[in-house]
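What follows is a set of notes on a single structure, which appears directly below.
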Protein chains: 2
Amino acid sequence: MTLLFQGRRFRVETVSQSTMSGETREREVVRHPGAVTILPLLDDGRICLIRNFRASVNKTLIELPAGTLDPHEDPEQTAKRELTEETGYSAASFELLCAFYLSPGILDERMHLYLATGLTPGQPAREEVELIENLLLPFDEALALIDRGEIEDAKTIVGLLRYDRTRRHA
Amino acid sequence: MTLLFQGRRFRVETVSQSTMSGETREREVVRHPGAVTILPLLDDGRICLIRNFRASVNKTLIELPAGTLDPHEDPEQTAKRELTEETGYSAASFELLCAFYLSPGILDERMHLYLATGLTPGQPAREEVELIENLLLPFDEALALIDRGEIEDAKTIVGLLRYDRTRRHA
């Protein structure tokens with residue numbers, strides 16, 4: 001393993017991989033500490049999405065709130081922190097629904113999805129660099145945004161459709 | 001914009017972002033050419049997934065076939081090429097279902113999801129470094145793998161749940 005680039009939020013390393021014929025090849029991968037995303041479900045059935053400007057794609061995306069794990073942080077702790085920082089809401093209960101890899105061909109980032117319920121509104125504590133606003137929608141309207149291609153963020157599509165499936169089978 | 005790292009499959013650059021107070025901050029982003037993933041639906045209702053060893057997470061994941069765009073390549077062309085290379089199947093028809101960003105906080109990779117129908121089996125042309133085998137499953141069994149947490153790849157969860165929604169509303 002060779003360190004190729006050390007950034008503030010991720011690093012790039014080589015990793016060895018065996019080929020079909022038993023040789024070894026080097027492959028470049030982005031190492032990331034992992035992340036959480038939160039599905040904040042209000043008592044009235046609405047969910048709290050955010051509009052989030054993303055410099056990487058120069059576009060405001062409609063997303064679930066989310067954030068990166070601090071070193072050695074328990075993902076549920078990250079979920080609590082990021083939900084309040086980004087939306088202002090605090091939640092009485094967090095339930096882990098699933099975890100998934102975002103782009104495992106080049107990136108090891110693993111995303112934990114939490115359902116947050118028992119929500120109480122409050123003041124967000126957004127970072128200076130975060131251009132975020134809340135978007136409260138009935139759950140079925142959020143699903144309609146997926147159908148119309150207006151939600152273009154993978155973790156958000158996974159979060160909404162995965163919970164919709166749980167809900168329909170409950 | 002400053003180039004920080006040039007790899008074989010992606011590069012790292014800085015991008016400028018305005019803060020709430022109007023200042024400018026630099027942010028590191030991974031630049032990727034974009035990708036496709038394919039939902040190969042057989043005439044008998046089964047789908048063709050793959051078991052794919054991923055060096056980045058040191059694990060074999062169950063995924064939809066997928067691949068990276070060549071420079072200036074039309075995504076549908078990439079879908080045709082990658083479906084046959086990875087699974088052996090060729091398809092009579094490709095339909096774009098949606099497109100989404102995988103990890104827009106750090107990565108600009110945009111993934112195009114195609115439904116492939118009219119499938120004919122053939123010989124795969126896997127790369128030396130690809131450790132892949134086909135996994136043919138009835139669609140509902142693939143959904144059950146999501147419920148049980150055995151599918152952990154975001155594009156695959158999006159592809160299956162997104163198409164399931166289309167199918168149920170057709």
Side-chain angles (χ1 to χ4, degrees), chain A residues 4-5 7-10 12 15-21 23 25 27-30 32 35 52-59 61 63 66 68 98-111 126 128-131 143 146-147 149 151-155 157-158 161-162 164-166 169, chain B residues 4-5 7-10 12 15-21 23 25 27-30 32 35 52-59 61 63 66 68 98-111 126 128-131 143 146-147 149 151-155 157-158 161-162 164-166 169:
Chain A
L4 300 174
F5 168 77
R8 274 170 293 182
R9 303 168 67 225
F10 56 82
V12 181
V15 60
S16 296
Q17 184 172 8
S18 301
T19 67
M20 300 282 273
S21 54
E23 289 167 53
R25 297 254 184 97
R27 203 176 170 91
E28 299 153 356
V29 299
V30 180
H32 184 277
N52 192 4
F53 178 76
R54 292 301 198 172
S56 71
V57 297
N58 195 31
K59 196 169 179 177
L61 300 181
E63 301 185 21
T68 300
C98 63
F100 48 89
Y101 298 103
L102 291 164
S103 187
I106 58 166
L107 171 66
D108 69 354
E109 183 178 3
R110 186 172 171 84
M111 175 73 71
R126 291 163 186 152
E128 264 287 293
V129 76
E130 289 181 326
L131 302 175
L143 295 177
I146 296 177
D147 297 339
I151 292 180
E152 300 179 277
D153 172 55
K155 70 176 176 300
I157 301 173
V158 169
L161 294 184
R162 185 72 167 73
D164 180 50
R165 188 165 162 82
T166 307
H169 290 85
Chain B
L4 298 175
F5 169 76
R8 275 170 291 182
R9 305 169 65 223
F10 56 83
V12 181
V15 61
S16 295
Q17 184 173 7
S18 300
T19 66
M20 299 283 273
S21 54
E23 292 166 50
R25 297 254 183 98
R27 204 178 169 90
E28 298 153 355
V29 299
V30 180
H32 185 276
N52 193 5
F53 178 76
R54 293 301 198 172
S56 71
V57 295
N58 194 32
K59 196 169 179 178
L61 300 181
E63 301 185 22
T68 301
C98 64
F100 47 90
Y101 298 103
L102 290 165
S103 187
I106 58 166
L107 171 66
D108 69 354
E109 182 177 5
R110 186 172 170 83
M111 175 72 70
R126 291 166 186 151
E128 263 288 291
V129 76
E130 289 180 327
L131 302 175
L143 294 178
I146 296 177
D147 296 339
I151 292 180
E152 300 180 277
D153 172 56
K155 69 175 178 300
I157 301 173
V158 169
L161 294 184
R162 186 71 167 74
D164 180 50
R165 188 165 162 83
T166 308
H169 290 84

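Since this is a predicted model, take the numbers as computed values, not measurements. Chain letters run A, B, ... following the sequence lines, proteins first and then strands; every chain starts at 1. These values consider heavy atoms only, across backbone and side chains, with no hydrogens, waters or symmetry-generated copies.
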Residue pair [X] / [Y], side-chain heavy-atom distance below 4.5 Å:
{"X": "Leu143(B)", "Y": "Arg165(A)", "answer": "yes"}
{"X": "Asn58(A)", "Y": "Val15(B)", "answer": "no"}
{"X": "Leu107(A)", "Y": "Glu109(B)", "answer": "no"}
{"X": "Ile151(A)", "Y": "Phe100(B)", "answer": "no"}

**Prompt:** Got a second to check how far Ser103(A)'s OG is from Lys155(B)'s NZ, nearest 0.5 Å?
**Reply:** 7.0 Å
**Asked** To the nearest 0.5 Å, how far apart are CG in Asp153(B) and OH in Tyr101(A)?
**Response** 10.5 Å
**Prompt:** So does Arg8(A) pair up with Glu28(B), basic N to acidic O under 4.0 Å?
**Reply:** yes
Which atoms of [X] approach chain B - backbone, side chain, both or neither, heavy atom under 4.5 Å:
{"X": "Ile146(A)", "answer": "both"}
{"X": "Arg126(A)", "answer": "neither"}
{"X": "His32(A)", "answer": "side chain"}
{"X": "Ser18(A)", "answer": "backbone"}
{"X": "Asn52(A)", "answer": "neither"}

**Asked** What option among Val29(B), Ile157(B), Leu102(B) has the most heavy-atom pairs under 4.5 Å with chain A?
**Response** Leu102(B)
**Asked** With respect to chain A, which residue among Ser56(B), Ala99(B), Ala66(B), Gly105(B) yields the maximal number of heavy-atom pairs within a distance under 4.5 Å?
**Response** Ser56(B)
